[in-house]
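Both backbone and side-chain heavy atoms feed into the values below; hydrogens, waters and symmetry mates do not.
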Amino acid sequence: MEFPQHQKPADGKITYPPGVKEITDKITNDEVVKRLKMVVKTFMDMDQDSEDEKQQYLALALHLASDFFLRNPNKDVRLLVACCLADIFRIYAPEAPYTSHDKLKDIFLFITRQLKGLEDTKSPQFNRYFYLLENLAWVKSYNICFELEDCNEIFIQLFKTLFSVINNSHNQKVQMHMLDLMSSIIMEGDGVTQELLDTILINLIPAHKNLNKQAYDLAKILLKRTVQTIETCIANFFNQVLVLGKSSVSDLSEHVFDLIQELFAIDPHLLVSVMPQLEFKLKSNDGEERLAVVRLLAKLFGAKDSELATQNRPLWQCFLGRFNDIHVPVRLECVKFASHCLMNHPDLAKDLTEFLKVRSHDPEEAIRHDVIVTIINAGKKDLNLVNDQLLGFVRERTLDKRWRVRKEAMMGLAQLYKKYCLHHEAGKESAQKISWIKDKLLHIYYQNSIDDKLLVEKIFAQFMVPHNLETEEKMKCLYYLYACLDLNAVKALNEMWKCQNMLRGHVRELLDLHKQPPSEANSTAMFGKLMTIAKNLPDPGKAQDFVKKFNQVLGEDEKLRNQLEQLISPTCSCKQAEVCVREISRKLTFPKQPTNPFLEMVKFLLERIAPVHIDSEAICALVKLLNKSIEGTADDEDEGVRPDVAIRSGLELLKVLSFTHPTSFHSAETYESLLQCLKMEDDKVAEAAIQIFRNTGQKIETELPQIRSTLIPILHQKAKRGTPHQAKQAVHCIHAIFHNKEVQLAQIFEPLSRSLNADVPEQLITPLVSLGHISMLAPDQFASPMKSIVANFIVKDLLMNDRSVGNKNGKLWSSDEEVSPEVLAKVQAVKLLVRWLLGMKNNQSKSANSTLRLLSAMLVSEGDLTEQKKISKSDMSRLRLAAGSAIMKLAQEPCYHEIITPEQFQLCGLVINDECYQVRQMFALKLHLALVKLLLPLEYLAVFALCAKDPVKERRAHARQCLLKNISVRREYIKQNPMAHEKLLSLLPEYVVPYMIHLLAHDPDFTKPQDLEQLRDIKECLWFMLEVLMTKNENNSHAFLRKMVENIKQTKDAQAPDDPKTNEKLYTVCDVALFVIVNKSTACHLDSPKEPVLPVKFFTPPDKDFKNDKDYLSSEARTVLLTGKPKPTGVLGAVNKPLPVTGRRPYTKSTPSETASNISSSSEPSSPAGTKGRDASTESSEMGASENEENPVMVVKTDAGMKGVNSEAGQGSGDQRGKKRGATAPPANGSENSAASGDNVGAPPPPSKPRRGRPPKNLSAAASGAGPAEKEGGSGAGRGRKRAAPAQDSTSGPTVEPITIKIPKQQKDSNTTSPQRQMDLQR
């Protein structure tokens, strides 16, 4: 617009635009506003090229900057003036008409103040405010301020104003103009001062960020736009605070870590120079400071799209180092970070794995717990995010010492299993990757803790076979799960059902007691039953009170009793069980209580006894699945199971369930399917089917005659011509389910007894099994006919004759398939003798004495009863095992235990030191199982003391666990049964000591009472038992032990009371025992709580005229026993492994610490194992056990790897245990039970064999490589008790240590032994 030229008056009068009158303080505000609007219009229309107009309105421009306008109270006036001034800067650019710096400052501060009007977008003046902002941004007017000394004040005010006014009602143009305005100041200035930087950064602090999200976004975009310029200023700020520690440089110093996080999220380039400073901070001495930096970096490294770890490797490595920080919260923060990192950055998993491995063994429970949470959370998001190693850490923690950690690990694995294996959310490959979880979770059922058992039951019911599925789906899930489980997991699952069934039985008995009239006997029985139930619940101490309370409620509420009775009824269905549990819980709920521990405990009980999986409908569904597998129409292959495996495991599953839920099987459809299984060729399938009939068929005869008529001929056929196992089950089945069993059994007995022919041993085995079981089940009917069979055929014709020549391959053990039929028949003949005697249960005919003499002769002759040397070494091993097991079986019957002589007991016990590993292993297992069920007399527990001499760590560790288990079972039994106090002599574990002393005194290896090596052997055996007995000094038991041993010294050996040497050996063993007790206990000198009673069978009554105060240990012997001189122990690390090369393998000495599986940390240095700790991998490698074989009792292998072991030269040699420590002995060669051929060349002729004990073995020196000096040291037969003779360790001299070590607690013993070594003891 063209304005007429107005000449500036000579007197300096101001020229206004046409139509605008003079603006002064004399006129009203409204008039000022009206005139200013016209001025604004004029300046808006002017451009920079209007030189005349610029000159014409110069005075007006100066006038508008006067105080009258800048300090005008009217906001409309101020707004219009600000718009004018903005246009003036635009028109006169680049030179402003104002030359005074102060004036410029006033003007810009004035304009800045007016920008606050932008806040209200609904204001009628908003457009003018927006015009003001747009003008300033477009012209970059504020850049004029760079020339001012205190321009920073203006900029700070501007930035503060803009950040304060921005809000969500502004459109993008407002934000854009603000950004233009501020970014020009940052980018075109000489630098950003700290105060100005603070005005930007303060909007990133969480508190401000949450207050004004738009200000945060504005600051974020501004920083992104100015990153190149502002990065230096940011680096300087953090350098001042982080490195130099100058927190006073900014009010934001305390928020540096929050700021770094935000800046990194905005643009990592903003922190290029800051990251190295964080590495410095990670190494700070202040734990809290390190924690803050770790928290920050965890967020930076773990952020979704962060590439910091790859771009800044030194910082990443330094951060990983904090996983090992001494400060617990720092380690905890690192572990928590790992979860996000695994999920957001799978490529970093490899770096994290090693550090998580260390933290999974952290001493802090919370850290171990969070390692599990980290791995499981990542796995639940995507299984590919966690590698096998990480899952392995979780697997390890299922055996953690802390319940919280174990629970988290178990539940985590269960969730992964359900997601990927049950629901197949990630395909078959992922399911296969974690297929081990099902086995591992069930293995945990072997643990002692009731909490572990209950959690496994819960996991099984909720995650492995979810109880809320429909019956068909649920049973399909169970059917294929059972088929895929490993052997130990199957045993655990069977045990779980057995325990639940047992608890149901206890509750049923409790309800029966409620039906009886009140009496003192009833109350006592009820109390005992309540204590038993409480032991099956978590925290048995508290559970006792709750169970008592529950019992009181049961007594008062008949309806509740009826509900509980229905719940445990054999006919209760799964759906009915849910209703019963709900009803009982509802009756016991007290609404006012927020937590009800009583109700929780009752729920635990109900969950354990309720049939959530198995009822009649479920059994029918399982049988249908089995039928489909038999017919070939099932989904076996789709489920990854071969049809034959599905059928066999399905039958095994039904067999197990037939023990716990027999009533559910009673249907014609089920039995018809089982009959089909009986006709199948698979022997295992038929055997399982017979056993199911045996367990469930009590009503077949009365209710299902058609099934009966079909079943009888099949059972007869199996008893006569089936496999031995089928024959046994068939005989028991007939006895269990038929009323006319005598007739049925006679129809089997008579033809079998007539057809016995020793010349055809292959056809003898099944008849012998059937005859033995028939005579045991029906002794009144068949005991007499059996006597002639035993005398004329079993003993005379079968056992006393060797018709065939065995395989002379030198092996001490061979697989079942390689054993000759004649020897298998002889083994069954021995079992038949035992069954026949167990059926009679009396010794009126003295048959038991004859049998025991026969079995003893078999042991003395090492299994070669005829001594014709026709029988092979491996077959002799089988017969020794059979004879020893037979004596042990007879000892379980009181009438036969009484007639077993001490010599026969000793012969039986020495089998645990047999030269053949498998014989020792199987005998020890049979011994343990009989003892733990309290079937064997206490004296047989003493046999485990001989295991101290076993050359294999595995066996010593197992024996120690057996001792721990047996002793705890006996102590618990005494506590739970008040009547047991009358039988303490046969129950109290301490009473095993006299038997042990007597057994060791008659050890064939103990020939010279003053021989130091033999004494050290005796001490090992004594401490092996005493260490476990003396773990706790309950009721002053240490003094009781001392008193008992002292009393033995005042008696004589009942086995040979007049033999001075025999008694000297007995007293010497007593002195060694006293020496061990006194050196291991400071409390043994107190008064004994009661007078010990000694078994008259082994010791004569004390003679008042006889006082034995002689010391049978020389001072030299005491010194040797005390100082613990190093004694090489030949632990055969290569047991049952084929040698890598032909010929003999040099034996490498094992140090005491390497052989330490059976002695605790309290054992003296001279003991056969210095420290008890043992690496699980070492243990399992010794016996070829894999990690999953949680049950340490190894099954005898029959594969090719076993065929080259147990050779005659390797273990059939070594006459004496005493030889194993000859001072000049060279290293022994080969492994236990194995040696190369040709080692016995030039061996001396075998010596004549004595008729008792373990006869000396020939070829010992040649096979073990013993030198002449060794051959002279020690005496006595040592089958299996000897160890290879390693060279003496010249570096280890005698170390004298005072033996005042505290006895460790039993709990510590069990913790330090590898968990895998405890599994079998929970059976």
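In this structure, the side chains of D198 and Q194 come closer than 4.5 Å at one or more pairs of heavy atoms. K220 places a side-chain heavy atom less than 4.5 Å from the side chain of Y216. Here the side chains of V192 and T226 are not in contact, with every heavy-atom distance at 4.5 Å or above. Considering only heavy atoms from C-beta on, C341 comes within 4.5 Å of L352 through its side chain. Contact annotation: the side chain of V294 never approaches that of D325 to less than 4.5 Å [non-hydrogen atoms, C-beta and beyond]. R331 is not listed as a side-chain neighbour of N324, based on a closest heavy-atom distance of 4.5 Å or more. Q317 places a side-chain heavy atom less than 4.5 Å from the side chain of L320. Within the 4.5 Å cutoff, side-chain heavy atoms of L263 are placed close to those of L201.
Residues meeting the ring-ring contact (aromatic ring centres under 6.0 Å, His included) test with F301, sequence neighbours left out: W316, F319. For D258, the side chain to side chain contact (heavy atoms under 4.5 Å, CB included) partners at least two apart in sequence or on another chain are P206, H255. Every residue meeting the side chain to side chain contact (heavy atoms under 4.5 Å, CB included) condition with E119, not counting sequence neighbours, appears here in chain and number order: V165, N167.
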Using the side-chain contact (heavy atoms from CB on, under 4.5 Å) rule, take K380 and L416 through it: C-alpha gap first, then chi angles, then the decisive distance, then the call.
CA-CA 6 Å; K380 283 196 287 189; L416 292 182; 3.9 Å; yes
Begin with the C-alpha distance, continue with both residues' side-chain angles, and end with the deciding distance and a verdict on side-chain contact (heavy atoms from CB on, under 4.5 Å) for V174 and M178.
CA-CA 6 Å; V174 175; M178 288 181 175; 3.8 Å; yes
Please walk me through it: do M182 and F163 pass side-chain contact (heavy atoms from CB on, under 4.5 Å)?
CA-CA 10 Å; M182 290 189 286; F163 281 121; 4.0 Å; yes
Set out, in order, the CA-CA distance, both residues' side-chain angles and the distance that settles side-chain contact (heavy atoms from CB on, under 4.5 Å) for L222 and I186, then state yes or no.
CA-CA 9 Å; L222 176 63; I186 293 171; 3.9 Å; yes
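Counting all heavy atoms, side chain and backbone alike, L342 lies closest to A349 at CD2-CB, 3.6 Å. Looking at every heavy atom in both residues, G117 comes nearest to F126 through O-CD1, 4.4 Å.
Formation of a donor-acceptor pair under 3.5 Å by the D370 side chain with backbone atoms of I367 is not found in this model.
Counting only residues at least two apart or in different chains, ring pair (Phe, Tyr, Trp, His ring centres under 6.0 Å) contacts with residues 169-209 comprise F130-H177. Within the structure, every pair that satisfies the ring pair (Phe, Tyr, Trp, His ring centres under 6.0 Å) test and touches residues 342-361, not counting sequence neighbours, is listed here: F323-F355. Screening residues 156-175 for salt bridge (Lys or Arg N to Asp or Glu O under 4.0 Å), with sequence neighbours left out, gives no hits.
In this structure, H369 NE2 and T374 OG1 are separated by 10.0 Å, a value rounded to the nearest 0.5 Å.
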